[in-house]
Amino acid sequence: MSKKLLSLTLCLMMFVTMMFTLGGCKSSDSEFPVTIGHTTLNEKPEKVAVLSDNLADIIYYMGYSTQICVVSDSCTQEEITKYISSAGSEIDPDTEAIINSGAEFVLTDTTMSLTAQNKLSQKGIQVINMMTPKNTDQLRTIYVALGKIFGGNTEGANAGLEAYNRLSETLTQAEGEAKDTAVVKLVCYLYLNEQGALCSFNNTSCDGMVLDFVSATNVASNFPDQRVDESILRLSNPDYIFYDNAKVLEYIKGRTALEGMSALKSNHTYILPKENLLRYGTSLISTQNFMLSKMFPNSVSEITQGVSVAKTYGIDITDSKAYKAGDDHEDVMIIQKRLIHLGYLVLEDNTATTYFGAKTEDAVKDFQTANGITATGIADKKTLDVLFNSATLTKDGNPYVLPAPDRGPSDTDSTQAEPQPETQAEPDDSNTDTNGYNITLSSDKSYRKGDEHEDIKEIQRRLEELLYISFGDGDSYTSYFGDGTENAISLFQESNGLSATGIADYETLKVLFSDEAKQP
């Protein structure tokens with residue numbers, strides 16, 4: 001009888017101990033379930049549909065873009081749309097496309113139609129509707145919430161907060177590079193609302209928050225709301241005007257009340273699509289870089305200014321070279337290709353020619369107008385210097401990155417960039433001093449997420465040597481530039497005083513393979 005009692009007691013103790021141990025592990029180690037608003041996620045998602053342009057931009061910046069399986073037409077960043085298919089409208093999406101993508105839930109910041117929500121709900125796909133941030137506190141909350149969704153309650157939340165802080169620090173650091181503080185510069189961003197009224201971004205919301213990081217005074221802070229008081233705008237007299245599209249510039253140039261403003265007289269007016277100012281992730285950094293490069297061309301760092309890609313295309317830019325309508329020259333073909341790449345010129349089959357015709361002249365004028373150059377239609381040295389600068393944005397306001405030298409044409413449609421011209425000059429700034437690594441550095445080489453090249457193996461080897469990346473048992477270096485490599489490059493850039501773009505450009509690689517490269 002005592003043996004049975006002892007046996008029963010021992011079994012009970014073992015059961016209690018096991019339950020306590022398992023329960024303790026679950027409560028202390030598990031990052032899930034996560035609750036966001038009224039939605040609970042029981043485990044880390046593998047596939048997510050993201051229908052919001054801003055949320056996709058933030059997720060890309062945070063390093064979770066590989067889990068995005070479908071987007072909407074609202075998402076316009078080439079880095080995302082180039083590899084991910086669209087489900088159409090954000091409000092009334094193609095639910096079959098979302099279901100077939102394998103998405104476990106949907107992220108949006110716009111109210112989806114009830115019909116679409118019900119169809120998704122029937123398939124067990126939840127819709128998480130996140131707020132549109134009205135201030136920086138709400139933006140920080142969004143970063144933390146997205147971190148939780150992709151990484152869990154503690155680790156994910158910390159990653160979200162770290163990403164937000166990194167964004168703020170990157171913006172602040174880049175702003176600090178603008179050293180020309182002798183004269184306070186005045187800036188304004190202008191767009192037309194749906195009613196055709198002139199509007200701007202003031203300091204009352206998160207919209208246009210990049211204007212707080214350009215080392216200049218936003219004259220729109222004088223406006224009580226986003227509607228522009230033209231008399232106040234004229235008196236405020238901004239030195240630089242950034243605007244949404246060609247209609248905005250046409251509007252302000254046609255208003256008698258706005259004549260004589262400094263920005264108009266000096267051609268300091270630059271096109272910058274409005275959506276770029278309403279994204280608060282990767283695009284926020286590139287938008288700030290663009291604005292600073294126009295306002296402080298002699299003060300910002302080379303990574304902000306960009307570098308010349310003229311030699312990559314195979315054209316020499318000199319004071320004596322200028323091309324106009326009627327000219328026939330090999331350089332005209334190269335100019336046309338660059339204009340096609342940046343979206344300013346559309347030719348049949350995208351086939352460039354050596355003839356400078358009316359279409360090329362109009363494209364040059366459009367490019368000059370968008371980049372603060374007097375619209376003469378003549379491709380002179382000033383125009384060509386800007387045209388062949390790596391920091392110059394496309395007509396849609398997005399960065400354009402040349403393909404790696406050994407990559408062929410894209411599979412995308414005819415609106416995508418052509419491959420590089422075959423005639424190329426050797427870059428004059430090549431650098432072979434790479435501490436024994438099998439890689440040659442030059443300004444025409446730049447690698448980013450999604451690229452595949454043998455040089456990427458050497459980049460990964462160097463990152464591992466400096467403790468920015470590690471490979472587990474059985475893993476090895478690859479020629480593919482994935483999330484891990486991008487995150488390691490961003491961390492390296494932060495630790496070495498470079499802008500954390502995640503892109504292995506020439507400036508980054510020079511530091512990475514130098515003796516001065518710092519560990520984290």
Side-chain angles (χ1 to χ4, degrees), residues 34-134 138-139 141-143 145-150 160 193-194 206-207 273-284 396-398 411-413 415-416 449-450 483:
V34 165
T35 299
I36 305 295
H38 300 291
T39 303
T40 298
L41 306 175
N42 292 316
E43 57 186 3
K44 184 176 181 177
E46 294 183 3
K47 292 186 176 182
V48 179
V50 182
L51 307 186
S52 160
D53 191 31
N54 177 43
L55 295 177
D57 194 57
I58 294 175
I59 291 168
Y60 181 81
Y61 177 71
M62 295 176 71
Y64 297 122
S65 60
T66 54
Q67 284 147 276
I68 302 177
C69 59
V70 68
V71 294
S72 75
D73 290 343
S74 298
C75 302
T76 57
Q77 305 100 308
E78 184 182 354
E79 299 94 333
I80 296 174
T81 58
K82 187 175 182 179
Y83 304 103
I84 304 173
S85 60
S86 173
S89 166
E90 184 175 358
I91 296 175
D92 192 19
D94 181 348
T95 53
E96 289 302 315
I98 294 176
I99 294 167
N100 293 335
S101 73
E104 298 162 54
F105 66 91
V106 177
L107 277 171
T108 183
D109 55 13
T110 300
T111 302
M112 187 186 296
S113 69
L114 287 176
T115 301
Q117 289 189 56
N118 290 335
K119 287 182 179 179
L120 294 173
S121 178
Q122 290 171 5
K123 295 294 184 178
I125 301 175
Q126 300 181 85
V127 177
I128 301 178
N129 198 321
M130 304 192 73
M131 63 182 170
T132 300
K134 299 300 181 185
Q138 291 183 3
L139 180 60
T141 299
I142 289 175
Y143 266 83
L146 289 173
K148 285 184 176 181
I149 288 172
F150 290 99
N193 66 11
E194 294 179 356
C206 209
D207 292 349
K274 181 183 175 185
E275 58 263 26
N276 287 30
L277 281 79
L278 300 177
R279 300 178 188 143
Y280 307 117
T282 301
S283 293
L284 195 57
D396 294 331
N398 295 310
D411 294 329
T412 51
D413 60 29
T415 62
Q416 297 295 324
K449 183 179 173 183
D483 282 327

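Just so you know, residue 1 is the first one in the sequence shown, and it goes up from there.
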**OP:** Go through the steps for E90 and D109 under the test side-chain contact (heavy atoms from CB on, under 4.5 Å), then give the verdict.
**Re:** CA-CA 9 Å; E90 184 175 358; D109 55 13; 3.1 Å; yes
Original post:
Around atom CD of Q138, are there more than 12 heavy atoms of other residues, nucleotides or ligands at under 6.0 Å?
Top reply: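 For Q138, atom CD is crowded (more than 12 foreign heavy atoms under 6.0 Å).
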Taking side chain as C-beta onward, heavy atoms only, is [X] less than 4.5 Å from [Y]?
X	Y	value
N54	P133	yes
I149	L107	yes
T76	T81	no
F105	T39	no
M112	N129	no
T115	K119	yes
S86	D73	yes
T132	L278	no

Rounded distance [0.5 Å steps], [atom1] in [X] versus [atom2] in [Y]:
X	Y	atom1	atom2	result
T40	Q126	OG1	CD	7.5 Å
K274	N193	NZ	CG	7.5 Å
F150	Q67	CZ	CD	5.5 Å
L120	E96	CG	CD	9.0 Å
I36	I128	CD1	CD1	6.5 Å
T111	I91	OG1	CD1	8.0 Å

Original post:
With sequence neighbours left out, what residues match D53 under salt bridge (Lys or Arg N to Asp or Glu O under 4.0 Å)?
Top reply: R279
Subject >> Any side-chain donor near an acceptor of the partner, S52 and T108, under 3.5 Å >> reply: no
**OP:** List the atom of G160, the atom of M62, and the distance in Å for their closest heavy-atom pair.
**Re:**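 Shortest heavy-atom contact: CA-CE, 3.6 Å.
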Original post:
What pair of heavy atoms forms the shortest contact from K47 to C69, and how long is it?
Top reply: CB-SG, 3.9 Å
Is the backbone of [Y] close enough, under 3.5 Å, to the side chain of [X] for a donor and an acceptor to pair up by distance?
X	Y	result
E104	V48	no
S101	I98	yes
S72	L51	yes
D57	T282	yes

Original post:
How far apart are the C-alpha atoms of T95 and I125, what are their side-chain angles, what is the distance that settles it, and do they pass the side-chain contact (heavy atoms from CB on, under 4.5 Å) test?
Top reply: CA-CA 10 Å; T95 53; I125 301 175; over 6 Å; no
**OP:** Verify side-chain contact (heavy atoms from CB on, under 4.5 Å) between L277 and D207, making sure each step is shown before the conclusion.
**Re:** CA-CA 7 Å; L277 281 79; D207 292 349; over 6 Å; no
